Amino acid sequence: MKEWEHLTSVEEMEAATAALLETGKKVGADSWQQRVKNQTPHCGFGEAGTCCRICSMGPCRITPKAPRGICGCDVHGIVGRNYLRFTAGGAATHSDHGRSICHTLYATREGGNYQVKDPEKLKRIAKEWGIETEGKDIYDLAHEVAETGLMEYGKPFGTQRFLKRAPESRQKIWHEAGIEPRAIDREVSQSMHMTHMGCSSLPEALIRQSLRAGLSDGWGGSMMGTEFSDVLFGTPKPVDTEANIGVMEKDMVNIIVHGHDPSLSEMIVFYAQDPEMIALAKAEGAKGINVAGVCCTSNEVAMRHGIPMAGNFLQQENVVLTGACEAIVVDVQCIFPALGPLSKCFHTKFITTSPIARMPDSDFIEFHEDSAGENAKAIVKMAVENFKNRKAELVNIPQLKQKATVGYSVEAIKKCLDGVTNSHVDALGTTKPLIDCVKAGVLRGAVAMVGCNNPKIRPDTAHIELMKKLLKNDIILIVSGCSAQAAAKAGLMDKRAAQYCGEGLKRVCKLVDIPPVLHMGSCVDISRMMVLAADIAKDWGIDIAQVPVVGCAPEWMSEKAVSIGNYVVATGIDTFLGVNPYTKGSTEVEGLLQGSIRDWVGANFTVELDIEKMGDLMVEAIEEKRKALNI
Ligand code: XCC
Ligand code: SF4
């Protein structure tokens, strides 16, 4: 059989994009491909992280002739401060998403817009947090847990509750390194304070706080976001779906959900199935209503409802360019402001819903927890009524799509394993069969591949090529975010992809009936990966830093990704980046991030722009961990 013959190649995806850009030209649309050209070359100071505009004596730019800013800050202080602010932006963003989910949990009620779908999980978390569950109404419990979660953002004393999920060895490392995150908002605030003019310029202190702020996201805000989303909307289980631009339907009303918070998309999905709305769609001449997703929102609804994935970050303009998008409905994060003017070139309604993400040229329908049903219905109706405004001559949906099985929460992974071994010790299962496979060498280890697209890298190539290489080497992939969508679009989440893997991984996939690339969700769901790593380490009796697993974000672009990188490394997982985080300008900052933070947390970063080399380095890192464990 020809290698990878079922896959959709990057070339095919590029050809589809090129055809869509032709339509764009006809209607005078702008595109990121064009804007990248306008922005190149990028500013060298910005790239190296050596420009400071933290006070108005500047901006100060560091050169050999001007080695210090006006206040006397050197290049290491400037790069370090910029890095910490980069992290704080990401930690704030993820954690604020988590906070919204806490509020949604607080708004649940019997028969209401939002209800508790996984009461067992809610009770488990309550017990973990020492909240009495006996004899309590499930909604009273939900409100109590939500309020306790909200307190995690501002409590004056103590550290994050979920840190206790980590192996004791890891908790000790955090304590000794002085990076246990306290209240989430405090870590973000302190990061801003430390980087104010005339505060910290010592790289060591700035990087330590970066790790702590990152941990407040991964083991705080994001973890609450994930856990409470499961309580609200159900814990994901394996479900079949489809991915790539061809999931849009020519004869149906296409509603694209884009952004991050499932509180919105869940409601849109619900009302798109409303018989009244479907009847209206038919009256308007459509065959029905098709909801598809872009970016992390897509991951959320794919994992829970099998809603198809239209594309990832750099394809968000493509969905409008099909000419068949009645509405693109967004909440927060990773939304191109370009969608406003672009939608004006077509009949598409660009609907913003959050006061956090307001954009010109959009219809703003503010989404509230208490009126969520009404808001969602109004949005679906607006899309349906827009079907008649389509311009038939502009419609072009490239016929690219792949089958994918998604929905591998930690709970689901354990359940799949249990199904094979019947080894379960309790209802929640164990990672022991997985550990046995790794010990026996059937699986060499795992890579957690995450993150965005970035025009600095040929879109999706790094994700897909790295995955193929790792699979050949019997390394299983757990993925999230836009990396997950790259895999799904290519066909790597189709169970048939197992046939192209190394012999060991192929056997495991067949036996457990899983695809070789496991979809663990959105970017806040990287907290699932932390829980999985922690559970494996505990079941194995070792620290997370010893587990043969590494992290990788080959095409990352956002502040959130920097925050993630910090908590993944601080959790003890070596992390490989394909794009430099604006630190090239400081040998000291790079010396810490790519070197000596290993002494604090047992892991560090590798920045490698050559994909082939990065793949080799990851395989090497995994083999080294195996050697150290004598397996
Ligand atoms: Fe955004 Fe989460 Fe990146 Fe994709 S992977 S571009 S952050 S949608 Ni998070
Ligand atoms: Fe320049 Fe210092 Fe002000 Fe930064 S804080 S802009 S380096 S004077």
Side-chain angles (χ1 to χ4, degrees), residues 32 45 49-63 66-82 85-86 89-91 93-94 97 194-201 217-218 222 225-226 257-262 265 293-300 302 309-316 330-336 357 448-455 457 459-460 462-463 479-489 519-527 529 552-565 568 577-579 585:
W32 66 258
F45 294 100
T50 54
C51 169
C52 182
R53 46 179 295 280
I54 276 168
C55 89
S56 77
M57 294 193 284
C60 298
R61 300 181 304 178
I62 302 302
T63 64
R68 287 180 187 271
I70 291 168
C71 65
C73 191
D74 68 8
V75 75
H76 310 296
I78 290 176
V79 172
R81 289 195 303 219
N82 286 339
R85 285 206 168 190
F86 212 164
T93 304
H94 266 157
H97 167 164
M194 284 178 77
T195 53
H196 187 274
M197 190 271 149
C199 285
S200 287
S201 50
D217 164 2
S222 273
T226 295
V257 286
H258 174 16
H260 283 79
D261 186 337
S265 46
V294 169
C295 281
C296 277
T297 271
S298 174
N299 292 319
E300 298 276 358
M309 304 187 261
N312 46 359
F313 181 60
L314 284 180
Q315 290 185 311
Q316 56 185 290
V330 305
D331 49 47
V332 290
Q333 304 166 26
C334 303
I335 300 145
F336 274 4
M449 199 168 301
V450 306
C452 330
N453 298 126
N454 186 325
I457 294 182
D460 294 335
H463 291 297
V479 299
S480 75
C482 290
S483 182
Q485 292 169 329
K489 286 188 301 171
H519 191 307
M520 289 194 83
S522 63
C523 300
V524 293
D525 290 341
I526 294 169
S527 63
M529 299 178 179
C552 177
E555 306 184 24
W556 73 274
M557 63 84 203
S558 75
E559 290 174 319
K560 291 179 287 173
V562 182
S563 177
I564 293 167
V568 173
L577 304 177
V579 179

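No experiment lies behind these values; they were computed from the predicted model shown. For this chain, numbers begin at 1 and follow the sequence in order. Because only heavy atoms are used, hydrogens play no part in the values below, and waters and symmetry mates are left out as well, while side chains stay in. Ligands are counted one by one from 1 in listed order, and the atoms in each one are counted from 1 as well.
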>> The test is side chain to side chain contact (heavy atoms under 4.5 Å, CB included); show your working for F45 and T63 and say whether it passes.
In response: CA-CA 9 Å; F45 294 100; T63 64; 3.6 Å; yes
>> side chain to side chain contact (heavy atoms under 4.5 Å, CB included) for S298 and M309? Distances and angles first, verdict last.
In response: CA-CA 6 Å; S298 174; M309 304 187 261; 3.2 Å; yes
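For the pairing with Q333, the side-chain hydrogen bond (donor to acceptor under 3.5 Å, both in side chains) check across H258, H94, K560 returns one residue only, K560.
In this structure, the protein non-hydrogen atom closest to atom 8 (S) of ligand 1 is H260 NE2, 3.4 Å.
The two residues L314 and W32 make their nearest non-hydrogen contact at O-NE1, 2.9 Å. Of all heavy-atom pairs spanning V450 and P554, the tightest one is O-CD, 3.8 Å.
Within 6.0 Å of CZ on R85 lie more than 12 heavy atoms contributed by other residues, nucleotides or ligands.
Under the 30°/60° scheme for interplanar angles, the aromatic rings of H97 and H260 are found to stand perpendicular.
Of all protein atoms, those of element N, O or S that lie under 2.8 Å from atom 3 (Fe) of ligand 2 number 1. Taking 2.8 Å as the limit, the number of protein N, O or S atoms around atom 3 (Fe) of ligand 1 is 1.
Checking side-chain atoms of D74 against main-chain N and O of R68 turns up no donor-acceptor pair under 3.5 Å. When atom types are taken as modelled, the side chain of D460 and the backbone of A486 share no donor-acceptor pair closer than 3.5 angstrom. No donor-acceptor pair closer than 3.5 Å links the side chain of N312 to the backbone N or O of C295.
Heavy atoms of R61 found under 4.0 angstrom from ligand 2: none, in either backbone or side chain.
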